[in-house]
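Just so we're on the same page: letters track the sequence lines, and every chain starts at 1. No hydrogens, no waters, no symmetry mates; every other heavy atom, side chains included, goes into these values.
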Amino acid sequence: MNLLKLNQEILIKKFHILTLQMAPRARKVRPRAAKPNEELANILLEIGEYEKNVNLQPFKYQAYRRAAQSLSEHPEKIKRIEDAKALKGIGKRISEKISEYLKTGKVSKLMEARKNDKSKILKELTRVAGVGPSHAQKLLSEGIKSLEDLKSHQNLLTHQQIIGLKYVDDFEQRIPRSEMAEIEKFLFEKIKKIDKDYTITLCGSYRRGLESSGDVDLLITHPNYVSLRYAEEYRLKATKNLIIETKKSPIDLLKNIVNKLSEIGFISDTLALGETKFMGVCKVAHDKLHRRIDIRLLPYDEYYCGVFYMTGSDVFNRDIRKIAKEKNFILNEYCLRKLNPDGTPGKALKVESEEDIFRHLGIDFIPLEERY
DNA sequence: AATAGCCAGCG
DNA sequence: CGCTGGC
């Protein structure tokens with residue numbers, strides 16, 4: 001009996017009942033404070049989008065987003081500029097905008113951006129999935145001014161963008177929780193039929209219990225696929241039954257699923273398909289819209305760090321990673337490691353559930369519904 | 001200096 | 001191959 005087999009059996013036993021990580025019931029009451037600064041926050045967000053899409057300034061966009069986030073979380077209406085400056089993420093330039101807003105009720109930079117034709121067109125073009133600020137500028141320079149123009153000049157688009165254009169309207173619609181649950185059930189049944197050892201988890205806001213989601217984010221794993229780190233630690237050798245990450249043997253674990261889901265008509269389009277990541281389009285029933293779906297294959301030993309990370313929220317992830325750092329751990333998408341006195345990371349800790357992450361960090365488990 | 005890494009497409 | 005863009 002080799003070590004691998006033993007390990008696998010233990011893991012499989014342990015994981016079997018958890019194979020489908022059921023998402024929690026929807027939040028009953030979302031503890032939602034009033035948002036007295038929402039208008040201001042939205043103005044900043046809009047300026048941020050302008051910086052990103054028109055001025056190609058993604059970092060300014062991030063800065064505006066952070067500021068907007070601070071403001072919308074702040075429970076009291078900002079009346080004086082000093083109150084705003086005290087919030088995190090609000091520095092000199094942004095507080096100037098807030099000052100102007102407090103005095104006049106508007107921000108001239110935004111007013112100019114709104115009446116700027118170029119920015120209107122770029123905003124319209126970037127509605128297409130796969131068209132970012134850079135492509136949008138290029139399209140504009142070739143005379144494309146609207147989605148209508150794009151429809152008649154598809155030769156200017158990549159395959160991804162053609163699909164994005166085809167479904168622009170669908171992709172802008174949120175996915176109701178009930179439909180997410182239907183998708184989850186469907187995927188579970190179909191994937192288990194391919195191979196019962198697959199573990200699958202629908203992550204993102206759905207897993208946190210929100211009433212709607214932007215897209216479908218599915219993580220999958222299989223005991224036959226482990227990380228290189230894990231293989232080295234247990235001195236595992238790749239075999240026909242064990243695939244080790246980064247060993248250049250083709251991994252079919254994802255493709256098998258994608259092929260099957262395409263065959264039965266659930267997946268309608270493929271945007272990108274590699275060995276570990278699929279991006280595409282799905283539709284769960286005729287009366288439903290087309291939805292963006294990502295499927296990621298993770299090594300078995302890294303699964304729960306991945307699930308934790310992909311469940312978010314991103315703000316929550318940042319907070320937890322900070323706590324980890326304070327306690328001399330380093331947490332990322334793949335693993336949790338204790339830092340040595342010299343600051344280098346030690347061996348990956350065993351993480352076989354999300355609870356393990358909290359346990360290692362010495363903090364109480366934070367329920368899915370509370371991960372803002 | 002800013003999240004990170006996968007995939008497509010291009011030269 | 002390495003780079004860029006998008007997500």
Side-chain angles (χ1 to χ4, degrees), chain A residues 48-49 51-67 69 88-91 93-94 122-123 125-142 150 154-165 167-168 171-172 203-205 213-220 225 227-229 245-246 248 250-251 253-255 258 267 269-282 291-299 302 305-322 324-325 330-336 345:
Chain A
E49 273 170 26
E51 289 291 358
K52 177 167 70 114
N53 292 333
V54 181
N55 300 333
L56 301 179
Q57 297 278 358
F59 296 121
K60 284 194 182 178
Y61 166 71
Q62 289 294 350
Y64 277 102
R65 263 186 43 147
R66 259 197 298 278
Q69 177 75 15
K88 63 177 172 167
I90 297 181
R93 310 299 294 276
I94 291 182
L122 293 176
K123 198 171 171 182
L125 297 181
T126 50
R127 285 174 58 200
V128 176
V131 176
S134 169
H135 267 127
Q137 305 256 10
K138 199 176 290 170
L139 289 167
L140 178 57
S141 75
E142 314 216 25
L150 261 189
Q154 300 201 9
N155 56 316
L156 298 173
L157 298 178
T158 66
H159 174 247
Q160 297 198 0
Q161 294 165 337
I162 291 172
I163 305 297
L165 180 61
Y167 300 118
V168 238
F171 289 171
E172 285 174 345
C203 295
S205 53
S213 303
D215 59 6
V216 179
D217 201 353
L218 182 74
L219 298 194
I220 64 172
Y225 174 51
S227 73
L228 182 59
R229 231 193 5 257
E245 185 196 21
T246 73
K248 272 295 159 204
I251 308 169
L253 288 168
L254 178 57
K255 281 179 183 139
V258 171
I267 289 175
D269 303 82
T270 294
L271 299 171
L273 175 59
E275 300 199 329
T276 61
K277 188 162 128 191
F278 164 80
M279 296 166 71
V281 185
C282 70
R291 308 298 192 180
R292 274 282 293 108
I293 179 171
D294 290 348
I295 309 178
R296 268 169 258 251
L297 172 69
L298 270 46
E302 294 182 346
C305 284
V307 165
F308 182 80
Y309 174 81
M310 295 310 303
T311 298
S313 67
D314 44 2
V315 178
F316 173 78
N317 284 347
R318 271 208 305 277
D319 290 347
I320 290 287
R321 284 203 292 260
K322 206 169 129 197
K325 194 158 263 172
I330 176 127
L331 175 66
N332 61 24
E333 187 178 353
Y334 312 107
C335 62
L336 173 64

**Asked** Checking all strands, does A:Pro58 fall into the base, sugar-phosphate, or nothing category for heavy-atom contacts under 4.0 angstrom?
**Response** nothing
**Message:** Base, sugar-phosphate or nothing for A:Arg292? Non-hydrogen atoms, less than 4.0 Å.
**Reply:** sugar-phosphate
**Request:** Could you please spell out the steps behind the side-chain contact (heavy atoms from CB on, under 4.5 Å) verdict for A:Leu254 and A:Leu273?
**Result:** CA-CA 9 Å; A:Leu254 178 57; A:Leu273 175 59; 4.3 Å; yes
**Item:** Pairwise side-chain contact, A:Leu122 with A:Gln137, heavy-atom cut-off 4.5 Å (strictly under)
**Value:** yes
**Prompt:** Looking at side-chain heavy atoms only, is the closest gap between A:Gln154 and A:Gln161 below 4.5 Å?
**Reply:** no
**Prompt:** Heavy atoms under 4.0 Å, any strand shown: does A:Ala129 hit a base, just sugar-phosphate, or nothing?
**Reply:** sugar-phosphate
**Request:** Walking along DNA chain C from 5' to 3', note the first and the last nucleotide with an atom under 4.0 Å from a heavy atom of chain A, and give both.
**Result:** C:dG5 to C:dC7
**Item:** Polar side-chain atom of A:Asp217 near backbone of A:Cys203 as donor-acceptor pair, under 3.5 Å
**Value:** no
**Prompt:** Pick from A:Leu156, A:Thr126, A:Val128: which one makes a side-chain contact (heavy atoms from CB on, under 4.5 Å) with A:Leu139?
**Reply:** A:Leu156
**Request:** Can you establish whether the number of heavy atoms outside A:Arg65 located under 6.0 Å from its atom CZ is more than 12?
**Result:** no
**Distance, C1' atom - from B:dA4 to C:dT4, rounded to whole angstrom** = 16 Å
**Check: A:Glu51 side chain, A:Tyr61 main-chain N or O, donor-acceptor pair, under 3.5 Å** = no
**Request:** Without swapping roles, check the side chain of A:Arg292 against the backbone of A:Gly280 for a donor-acceptor pair under 3.5 Å.
**Result:** yes
**Message:** Output one letter per nucleotide in nucleotides 1-11 of chain B: B when a protein non-hydrogen atom lies under 4.0 Å from the base, S when only the sugar-phosphate is that close, - when neither is.
**Reply:** -BB-BBSSS--
